[in-house]
Amino acid sequence: MTSKDRIAEPWGTRTPYAAGQPWPVRVDTHLAQGVAAEDVDRWVQTASILHSNGDALDIAVKDERIVGVRGRATDRVNHGRLGVKDLYGWQANASADRLTRPLVREGDELVETDWDTAMDRIVARTRELLDEQGASAIGFYTSGQLFAEEYYTLGLVAHGGLGTNHVDGNTRLCTATAAEALKESFGSDGQPGSYTDIDHADVIALYGHNVAETQSVLWMRMLDRLAGPNPPQVVCVDPRPTQVARHATVHLAPRPGTNVALMNALLHEIIANDQVDHEYIDAHSVGFDELAKRVQDYPPEVAAEICDVPAEQIREAARVIGGAQRLLSTVLQGFYQSHQATAAAVQVNNIHIIRGMLGRPGCGILQMNGQPTAQNTRECGGDGDLPAFRNWSNKEHIADLARVWNIEPSRIPHYSPPTHAMKIIRYVEEGSIRLLWVSGTNPAVSLPELARIRSLLSQDRLFLVVQDIFLSETAQLADVVLPAATWGEKTGTFTNVDRTVHLSEKAVEPPGEARPDLRDKDGQPLVKWHDPESAFEAWKECTRGRPCDYTGLTYDKLRQGTGIQWPCNEENPEGSERIYVDGAFWSRPDYCESYGRDLVTGAPVEATEYKAMNPDGKAVLKAAGYLPPHEMPSHQYPLQLITGRTLYQFHTRTKTGRAPELEAAAPEVWVEVSVHDADWLGISEGDLVEVTTPRGSVRGQARITEIRRGVVFLPFHYGYWDTGGGHEPEPGGPGRAANELTLTDWDPASKQPIFKTAAARVQRIDGSVRPSPAPTTTASAPVGDIGVRTRGLPSAQVDEDVPGDLADTRGPTGEGDLAGVRGTEEER
Ligand SMILES: Nc1nc2c(c(=O)[nH]1)N[C@H]1C(S)=C(S)[C@@H](COP(=O)(O)OP(=O)(O)OC[C@H]3O[C@@H](n4cnc5c(=O)[nH]c(N)nc54)[C@H](O)[C@@H]3O)O[C@H]1N2
Ligand SMILES: Nc1nc2c(c(=O)[nH]1)N[C@H]1C(S)=C(S)[C@@H](COP(=O)(O)OP(=O)(O)OC[C@H]3O[C@@H](n4cnc5c(=O)[nH]c(N)nc54)[C@H](O)[C@@H]3O)O[C@H]1N2
Ligand SMILES: [Mo]
């Protein structure tokens, strides 16, 4: 057993392993100071809720309070490891400022009340609106952080009960492109890959994905492969010097918003070098000729010009990817939050299809999720999609869903694609949506162009209901606030990005009168279940025969030590490691979730068109030309602004900001600028600077890093709440939330908003008193020594238990017992 300050060493002790070998176990435990393992009354099973990795853990309970966490050694996902947010973030549950009673608006004030009064107000306003205007006056904006049982109930109430088409999740900002890219290429949502592909891959390519900070346990698995014998080669596409970039064989740092040009150049090279699997293409795909023709326009020299990356580097990346025997690719927000999001993400799928790299060990695609339960929003219809990947434009699927719900098909709105979140917000602005129910998301910090969002959410004519665990920036604008129970206080299931379903059990009671989001308070007779387990059973029935088939799962089965991957049914009682084995896709016209969209206009493809193009259900190779970002740098705004995350904070910080070790590691917003730009702007480390776009300005201390020149980065975590009380933005004055600066615009196919390209200028305001508060351990690491390093508080010590102390017997380079062990790369 070793003890580590995991703020200073976030990825912990290496446990190197070789290709084809099992990933060693390392159990991470963190208990509140003064609590020993023997003191714990019970350990309650769950999985992590602060990212999409699905790390399994047990909650330590003592005297009916949460006192710590321990990774689950037997789980397939994390083999015992935990990331920093999970090690420390649980403390937020017991924060003194949790919402414990409903609040209702009386003039300018929110006042405490009881559940009946709060619900009566909501019901009264709902009835009025239904009479005056019908169901289209009501919108739901949900989350990627609730449980499957809750989403399924919401999907049923909204789609089948109220009959509004205006239901979407913040997953629109998060994983809409993951879903869309999978639908475009394979006809249905559902990840082809598995985390065990890391154990087999000889090349891992990460596209716009800072896995080291955002799924840190997945990165530990990659680091352990890199430290072992026959390590994989890593290709990283990211303008920031992330830990991934620092470990990469090839790091491409393109201009933000140019991903499609770069991908087309990679495809150009792979096709020109004939590193394609012609047999696979012929047997299992449509569209190759068009793709080959399109990428002819993108030799590396052309992309080099557009992306500002040396042509030779692009060639080298193509050589690595084209030479891979077992290629694992991951994609995330650097691709998804841009103007050609789906077009870019689909090109990653295309590489796998034309190289025949799907459905066998090491050959996976992870179109990553971000939020812990985003997958379930999509599966259960908590967002715009219909439950169990049913196709809204296929009448048979509507009829089938109506059968499951025992209602008339006409009650399920399917006259047009479900309204996406950005359009829901527009309807609120225009006044056609009059009641907006927001649960588990904080749009007053996380949506783009915050001045606009604040103003439209504060309109008198809007009745805003917010269900949260804290009085967030959004809750402060509400007419009714409902206190929710959260993770650890309720039971349910959720599914991670590699299709692993975990059970999360209730460990302690919620505070005060907070209630689980799963309720049928005003007695919807439609909802026939009464608790999470019966909701799960109903959900299972809804998935029967669909791609995400849960019928073989039970709560009891999920208690047997590890999460289980869907499809899990009679044929696959232990779940399915990989899908699309033997090139069999879910894209048959009568089965697929979607006929796809035009990648440029976003227009849905008609059923007849799809049937003509893909009658036998093959993978679809979709080509796309590059289009420049909508807001390009100019004389006035010479830089490109990108926004994103740091390891130590989660989103709008409502949880991580209340965990002392995490908050101390990244306490305040900062502004990352390149050495080159700092030089011409006259900026030194720690200087107070102002970032301005046509929408607003934000102030923070500068951190000078190896980020590519011309690009400025802001973390988006910092809204207007603070442990010290918080500070409101002065109207017209500089703010601190990155989304003061971002633009209202989205990808045409997935409708995911653009958070990663805006034209900006940076101006020095004042000299430095101390270095910037940015972490030094991560992508925000300074250039050179600035005299401070990110370290943990005394309470940040974490126990790491590697059975047999495997880690200690091998050097840090991985030379040791396993050196020379051959993987199983011959097996195919
Ligand atoms: N610590 C932490 N972990 C999290 C979260 C969190 O808030 N904190 N949130 C979770 C959620 S919901 C999500 S969605 C994920 C997000 O996880 P990631 O997508 O990994 O995180 P981001 O920081 O948003 O963006 C990733 C990278 O995109 C790069 N990028 C920006 N523009 C471009 C571009 O034009 N091209 C390319 N190729 N790259 C670009 C940025 O430099 C950044 O390093 O993280 C999840 N995990
Ligand atoms: N500029 C910029 N903006 C971005 C992004 C970016 O990269 N850059 N990323 C986008 C992405 S990918 C995402 S996912 C979003 C995230 O944006 P949000 O979803 O707005 O962020 P969170 O802070 O996670 O908000 C979740 C809210 O739900 C509450 N909550 C937590 N648990 C529960 C629960 O069990 N029940 C209920 N009812 N409430 C709960 C929390 O207190 C919090 O207020 O931000 C998006 N915005
Ligand atoms: Mo996300």
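Start at 1 and go down the list; that is how both ligands and their atoms are numbered. From a predicted model like this one, the values you see are computed outputs, not experimental measurements. Along the sequence shown, the residues carry numbers beginning at 1.
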Would you mind telling me if ligand 2 is within reach of the side chain of Lys490, the backbone, both or neither, using heavy atoms under 4.0 Å?
side chain
Ligand 2 N/O within reach of Thr652 N/O, cut-off under 3.5 Å
yes
Report yes if Gln333 has an N/O atom closer than 3.5 Å to an N/O atom of ligand 1; otherwise report no.
yes
Using heavy atoms and a 4.0 Å limit, tell me yes or no: is Pro239 in contact with ligand 1?
yes
Less than 3.5 Å between some nitrogen or oxygen of Phe335 and one of ligand 1, yes or no?
no
Applying ring-ring contact (aromatic ring centres under 6.0 Å, His included) to Trp487 and not counting sequence neighbours gives none
Contact check: Ser446 vs ligand 2, nitrogen or oxygen atoms, below 3.5 angstrom
yes
Report yes if Ser472 has an N/O atom closer than 3.5 Å to an N/O atom of ligand 2; otherwise report no.
no
Phe147: which residues meet the ring-ring contact (aromatic ring centres under 6.0 Å, His included) condition with it, sequence neighbours left out?
Phe494
Which of the atoms of ligand 1 are close to Thr242, meaning less than 4.0 Å from one of its heavy atoms?
44 (O)
Please report whether ligand 1 has a polar contact with Phe713, defined as an N or O pair separated by less than 3.5 Å (distance criterion only).
no
If the cut-off is 4.0 Å to any non-hydrogen atom of Gly644, which atoms of ligand 1 fall inside it?
23 (O), 24 (O)
Taking both backbone and side-chain atoms of Gln215, is any N or O found less than 3.5 Å from an N or O belonging to ligand 1?
no
So is there a nitrogen or oxygen of Lys85 less than 3.5 Å from a nitrogen or oxygen in ligand 1?
yes
Which residue holds the protein heavy atom closest to atom 35 (O) of ligand 1, what is that atom called, and what is the gap in Å?
Gly257 N, 2.8 Å
Side chain, backbone, both or neither: which part of Phe755 has a heavy atom under 4.0 Å from ligand 1?
neither
Report yes if some N/O of Asn739 lies less than 3.5 Å from some N/O of ligand 2; otherwise report no.
yes
Say whether Trp487, considering both its backbone and side-chain N or O atoms, lies within less than 3.5 Å of an N or O atom on ligand 2.
no
What part of Glu213, side chain from CB on, backbone N/CA/C/O, both or neither, has a heavy atom under 4.0 Å from ligand 1?
backbone
Tell me which part of Asn259 gets within contact of ligand 1: side chain, backbone, both or neither, using heavy atoms under 4.0 Å.
side chain
Give me the residue, atom name and distance of the protein heavy atom closest to atom 7 (O) of ligand 1.
His651 N, 3.0 Å
If you have a sec, work out which protein heavy atom is nearest atom 13 (C) of ligand 1 and how many Å separate them, to one decimal?
Gly370 CA, 3.2 Å
Contact region, Cys174 to ligand 1, non-hydrogen atoms below 4.0 Å, reads side chain
Considering the heavy atoms of His209, write down every atom of ligand 1 situated less than 4.0 Å from one of them.
20 (O)
Below the 3.5 angstrom mark, is there an N/O of Thr258, backbone or side chain, next to an N/O of ligand 1?
no
Check each heavy atom of Leu173 against ligand 2 and say whether those closer than 4.0 Å belong to the side chain, the backbone, both or neither.
both
I'd like to check which ligand 1 atoms, numbered from 1 as shown, lie under 4.0 Å from a non-hydrogen atom of Leu332.
15 (C), 16 (C), 17 (O), 18 (P), 19 (O), 20 (O)
Residue-level breakdown please: for Thr646 versus ligand 1, do any non-hydrogen atoms fall below 4.0 Å on the side chain, on the backbone, on both, or on neither?
backbone
Are any of the N/O atoms in Thr214 less than 3.5 Å from those in ligand 1?
yes
Distance under 6.0 Å and angle within 45° of ring axis: Arg221 vs Tyr195
no
Below 4.0 Å from any atom of ligand 1, is there a heavy atom belonging to His717?
yes
Side chain, backbone, both or neither: which applies to Ala485 and ligand 2 if a contact is any heavy-atom pair less than 4.0 Å apart?
backbone
Atoms of ligand 1, numbered as shown, that sit under 4.0 Å from any heavy atom of Leu647:
1 (N)
Candidate with minimal heavy-atom separation from atom 8 (N) of ligand 1, of Gln649, Arg653, Gln337, Arg645:
Gln649
Could you see which bit of Leu146 sits under 4.0 Å from ligand 2, with heavy atoms only: side chain, backbone, both or neither?
side chain
CZ/Arg709: more than 12 non-hydrogen atoms of other groups inside 6.0 Å
no
Any Tyr336 heavy atom less than 4.0 Å from ligand 2:
no
Under 4.0 Å to a heavy atom of His51 - the qualifying atoms of ligand 1, by number:
47 (N)
Going by the order shown, which atoms of ligand 2 are within less than 4.0 Å of some heavy atom of Asn170?
18 (P), 19 (O)
